[in-house]
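Heads up: the structure comes next, in structure tokens.
First the proteins, then the strands, lettered A, B, ... as listed; each starts at 1.
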Number of protein chains: 2
Amino acid sequence: MGVYTDLREKLISDYATLSPQMQKAARHILDHPNDVALRSMRALARAANVPPSTVTRLMAAIGVDTWQQFRDSYQNRLLDLPASYAHRARELQNSEADIHRDAHLLQSIAAAEIANIGHAFAPEMCECMKDACEHIARARQVFVVGRGAAYPAAYQFAYAYRLFNENGVLVDGHAGAFGDQLRGIGPRDVLIAVGARPYIRDTVRAVAFARKQHCPVIAVCDSNVAPIAVDAVAKLVVSDRSPSFFQSFTTSVSVMQALVALLVARGGQKVLQRIAVAEEQLAAFDAYHEEAAPTRNSRS
Amino acid sequence: MGVYTDLREKLISDYATLSPQMQKAARHILDHPNDVALRSMRALARAANVPPSTVTRLMAAIGVDTWQQFRDSYQNRLLDLPASYAHRARELQNSEADIHRDAHLLQSIAAAEIANIGHAFAPEMCECMKDACEHIARARQVFVVGRGAAYPAAYQFAYAYRLFNENGVLVDGHAGAFGDQLRGIGPRDVLIAVGARPYIRDTVRAVAFARKQHCPVIAVCDSNVAPIAVDAVAKLVVSDRSPSFFQSFTTSVSVMQALVALLVARGGQKVLQRIAVAEEQLAAFDAYHEEAAPTRNSRS
DNA sequence: CCGGATTTGCAACGAATGTTTCAATTATGC
DNA sequence: GCATAATTGAAACATTCGTTGCAAATCCGG
């Protein structure tokens, strides 16, 4: 259970033992939790018709050191975040440096990754993913481009997608054939572009080219105003915050996987059969080590 | 349409015409809308790395009188969100169960990914990662191998690692040169192998070869008894559970990134300088897209 | 009714807020 | 190439913030 819930229950359980003025404050907090998150303490006190000091005293009475802590819990509730992670993520914002000990660093990374994924699967993002799927499902050909650190995410999608659809093209610029691979791209296709700051020229140019051919673009990136996101038909903006020196592309990979999962779910039985066929082919090519079974997740 | 939406679209549409510093601020606002609602203007400015006055000027530029008004819109969005989602969810339940199922699937994926990462950064795993780092830091050459769906994780590590060390080799079997790339591998090197069920033959054979040459192996895999994990000097066993049809390699990517972060932290200032040099080289190669848009001339 | 303990509100504090002003710098047009 | 305009960051501004100290008010057992 979240910290917010704890505080709320403490307010309720201790309500009877509080002084009359504190009860007025507590009552207002219980009735208007959003005011705690959004308005200032003094504003809350005015609304509850008590002096500010009463609210401070109420904090002390329920065992909270500072109003800031109290407010943070209520803000996290509004964000619908797991409080513990959000709290740690915020700690990172403040500390910045002094992460020299390995254990600290790793814990910070974990917290950041979890927070990033949490944001990536927020309701509004889910809507965007579904929109993106619509476009992909309708497309004649599905191009995927991602360079540098974003390449894994692009590759990941292309690899999985090609297991059940033959119209996927990974634009990886092998042998310099960057333009070659985009040949024939048009309005009925779709280009999925992955990239974050610093944006790599090849990716930006691929997007620009696709746009010029009136091909819709799905952008998986770090900003709504990223050069690859302008004019995109679907923007999947993921956070790549990381306490380490490098930005994290974990979330991009996760989102790309989620897109595949949505497509598979949408495709139904037919897609599953295609995947089975593809895996048989791989097995026939002797790609798998002996003990192997299907690629899929069903563990025995 | 809410006021928030209007403001957001105004920011996006006017983005190109804003001054560089205002773009920085606008970008941060677009990418972190919750910060607007919950944090102070100065805190936002700090996060965006601009002076407070820039934010005030941005308000004037987009036709908003005061920060208070701007913030109110973002706060209202936060308050309206839950309601609108509840409404939409009900809508979907009545009409089509399909889309509702999509949302459920995505939430399950998110939960699984978060759980996987949580396990990957458990204390005992952190110990293993530190051990792995010791071996990597001591190694003459660092080979990385991962095929199929595991390739992104391997690539990710190799890409980042090569930014600050020249002894990294990504064994990707391009042009069939799988054996070539492992030539000369020996006891003083280290091989990082990534793979999960079904284990791909190439990876297993690369590990076997390395072992025969008495090269220590670090295995990032899904099981302690995976063929690539036997005799491994460090086993990083990650969970790849996913409600989708495919297994998830998100955690592998995350762990590989964490290894890089540890190595960077261990390397200290010297490593940071090397990274800076590497990025300058990339910039010299014209690899990056020009950021500071000089296209903001036409003032109307 | 009283005296000690608790509760309450006011005032003041330092810190932080949002905004404005103003030089210094940078870019731009002619 | 220079004059003009636009952009920028630091400093100062009046407010507002959360908190604390203290005196007045209130309560309550004797």
- Item | Pair A:S248-B:Q257, side-chain donor/acceptor within less than 3.5 Å | yes
- Mutual orientation of the aromatic rings belonging to B:Y161 and B:F157 [parallel < 30°, tilted 30-60°, perpendicular > 60°]: parallel
- Does B:S53 place a side-chain N or O at less than 4.0 Å from the phosphate oxygens OP1/OP2 of C:dT19? no
- Rounded to whole angstroms, how far apart are CZ on A:R71 and P on D:dT19? 11 Å
- Interatomic distance, A:R57 CZ vs D:dG21 P [rounded to whole Å]: 11 Å
- Query: In whole angstroms, how far is the P atom of C:dT17 from the CG atom of B:L44?
  - Reply: 11 Å
- Message: Can you tell whether the side chains of A:D202 and A:R147 come within less than 4.0 Å, N to carboxylate O?
- Response: yes
- Take atom CG of B:L58 and atom P of D:dA6, then tell me their distance rounded to the nearest Å. 18 Å
- Task: Rounded off to whole Å, could you give me the CG-to-C1' distance for the A:D65 and D:dG18 pair?
- Result: 14 Å
- Hey, does the side chain of B:Q21 come within less than 4.0 Å of D:dG9's phosphate (OP1/OP2), counting only N and O? yes
- Query: Between A:T56 and D:dT19, is there a side-chain N or O to OP1/OP2 distance below 4.0 Å?
  - Reply: yes
- Message: Nearest whole Å is fine: how far is C:dT20 C1' from B:M59 CE?
- Response: 16 Å
- Message: D:dT7, OP1 or OP2 - any side-chain N/O from B:S19 closer than 4.0 Å?
- Response: no
- For the pair made of CD in B:Q23 and P in D:dT7, what is the distance, rounded to whole Å? 11 Å
- Message: Could you check whether B:R274 and B:N165, counting side-chain N and O atoms only, form a donor-acceptor pair closer than 3.5 Å?
- Response: yes
- So which one's nearest nucleotide on DNA chain D is more toward 5', A:A43 or B:R42? B:R42
